[in-house]
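If you read the sequence from its start, that first residue is 1, and numbering goes on from there.
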Amino acid sequence: MESTTKVQDAWRTAAREIGFEFTGPYSLSEGSERVQYHGLVAGFGSPKGTVFFASSTFDEDFGPARRLAASHGYFFSVISAVGYGSFERAPFIETLKDWGWRSMDLVPPHGFARPIKSEKRKANKSAQPTRSARG
C-alpha cells in the first residue's frame, strides 16, 4: 500500500477514535494554481483546520502549498509519512494538541476546549454613566 494511502487511512482511524473531521485528499485552488493536499483536519491549527502533506524525505518545495493554504485561511503542516503511517493514539493526540483546537463553529473532540472568544473592550466599558440628582 502506498505511504500516502496508509497515512490517510491512519488519519481516518484517528478521526473515528478521537472524534474529529478528516478529509483526504483535500484540494485548494486559486486562479490557475491547484494543490491537492494529503489531508484536511477540520478545526485544528486554524478555525478552518490544517491541511497537510505526508513526506518521507522533507526535501520537497512546500512553499506554494503553504502560501495557498494561508491565503484560504488554513494552517499548513508537513508530517512524517513513516510516523503517521499507522494509528497509534498518543502521537496523534500530541500532534492535535500541538496544532490546537481553533474552531468556534465545530464541537471539539473530548479533551479539547473551544478557544476563548476575545473581544476588543472599549475604554471605560465598565464605567457606569452618572445620573444627576434633581433637587
Side-chain angles (χ1 to χ4, degrees):
M1 184 183 288
E2 183 184 330
S3 64
T4 301
T5 303
K6 287 181 180 181
V7 169
Q8 290 169 332
D9 287 347
W11 278 96
R12 282 186 192 92
T13 300
R16 255 190 332 272
E17 295 289 321
I18 298 168
F20 60 88
E21 293 179 32
F22 171 76
T23 305
Y26 187 78
S27 296
L28 292 174
S29 59
E30 192 169 87
S32 63
E33 188 174 33
R34 182 173 187 268
V35 175
Q36 184 168 304
Y37 299 86
H38 294 148
L40 163 65
V41 179
F44 286 92
S46 79
K48 285 187 167 183
T50 295
V51 289
F52 69 82
F53 279 111
S55 178
S56 299
T57 64
F58 296 90
D59 289 337
E60 302 90 345
D61 176 15
F62 296 108
R66 183 180 310 277
R67 284 189 296 280
L68 187 59
S71 74
H72 283 273
Y74 292 92
F75 182 71
F76 175 78
S77 188
V78 180
I79 62 172
S80 168
V82 175
Y84 292 91
S86 63
F87 175 69
E88 290 182 37
R89 188 178 188 86
F92 280 79
I93 292 285
E94 286 304 312
T95 296
L96 295 172
K97 284 181 180 179
D98 184 47
W99 290 343
W101 182 260
R102 304 287 185 238
S103 177
M104 295 298 289
D105 299 326
L106 300 173
V107 176
H110 178 74
F112 293 89
R114 287 185 195 267
I116 297 172
K117 189 174 185 178
S118 62
E119 296 180 21
K120 292 183 180 179
R121 293 186 170 193
K122 293 180 183 176
N124 298 326
K125 183 178 179 181
S126 61
Q128 297 294 321
T130 56
R131 293 187 180 159
S132 59
R134 290 190 179 180

Pairwise salt bridge (Lys or Arg N to Asp or Glu O under 4.0 Å) hits with a residue in residues 10-24, at least two apart: D9-R12
Between Y37 and Y74, is a side-chain contact (heavy atoms from CB on, under 4.5 Å) present by the stated rule, with each step listed? CA-CA 12 Å; Y37 299 86; Y74 292 92; over 6 Å; no
Residues passing the side-chain hydrogen bond (donor to acceptor under 3.5 Å, both in side chains) test with S103, sequence neighbours excluded, are none
Between atom NE2 of H38 and atom OG of S77, what is the distance when rounded to the nearest 0.5 Å? 12.5 Å
Count I, L, V, M, F, W, Y as connected when their side-chain heavy atoms are under 4.5 Å apart, and connections chain through other members. Are V41 and Y26 then in the same cluster? no
What pair of heavy atoms forms the shortest contact from S56 to A81, and how long is it? OG-CB, 3.6 Å
Same cluster (ILVMFWY, side-chain, under 4.5 Å), F75 and W11: yes
Residues L28 and A69: closest non-hydrogen pair is CD1-CA, 4.0 Å
I'd like to know if the side chain of Q8 reaches the main chain of G39, judged simply by a donor and an acceptor atom lying under 3.5 Å from each other, with no hydrogens or angles considered. no
Less than 3.5 Å apart, which donor and acceptor atoms pair up between the side chains of residues 82-100 and the rest of the protein, not counting sequence neighbours?
from: Y84; atom 1: OH; to: T95; atom 2: OG1; distance (Å): 2.2
from: T95; atom 1: OG1; to: P91; atom 2: O; distance (Å): 3.1

Check for me, please, whether L40 and F22 land in the same ILVMFWY cluster - side-chain distances under 4.5 Å, paths through other members count. no
Group every Ile, Leu, Val, Met, Phe, Trp and Tyr by side-chain heavy-atom contacts under 4.5 Å, then state whether F76 and V7 land in the same group. no
How many angstroms lie between atom OG of S27 and atom CD of Q36, to the nearest 0.5 angstrom? 4.0 Å
List in chain and number order the residues that pass ring pair (Phe, Tyr, Trp, His ring centres under 6.0 Å) with F62, two or more places apart in sequence or in another chain; answer none if no residue qualifies. F53
Would F20 and F112 count as a ring-ring contact (aromatic ring centres under 6.0 Å, His included) here? Give the steps. CA-CA 10 Å; F20 60 88; F112 293 89; 8.4 Å; no
Got a sec, which residues hit salt bridge (charged side-chain N to carboxylate O under 4.0 Å, His left out) with R114, two or more places apart in sequence or on another chain? none
Would you call P115 and M104 a side-chain contact if the rule is heavy atoms closer than 4.5 Å? yes
Minimal non-hydrogen separation, H72 against S29, with atom names: NE2-O, 3.1 Å
May I ask whether F52 and F44 are part of the same hydrophobic cluster, defined by side-chain heavy atoms of I, L, V, M, F, W, Y residues being less than 4.5 angstrom apart, directly or through others? yes
Across all chains, not counting sequence neighbours, the side chain to side chain contact (heavy atoms under 4.5 Å, CB included) partners of S32 are none
Taking all non-hydrogen atoms of both residues into account, name the closest pair between A65 and V35 and its distance. CB-CG1, 4.0 Å
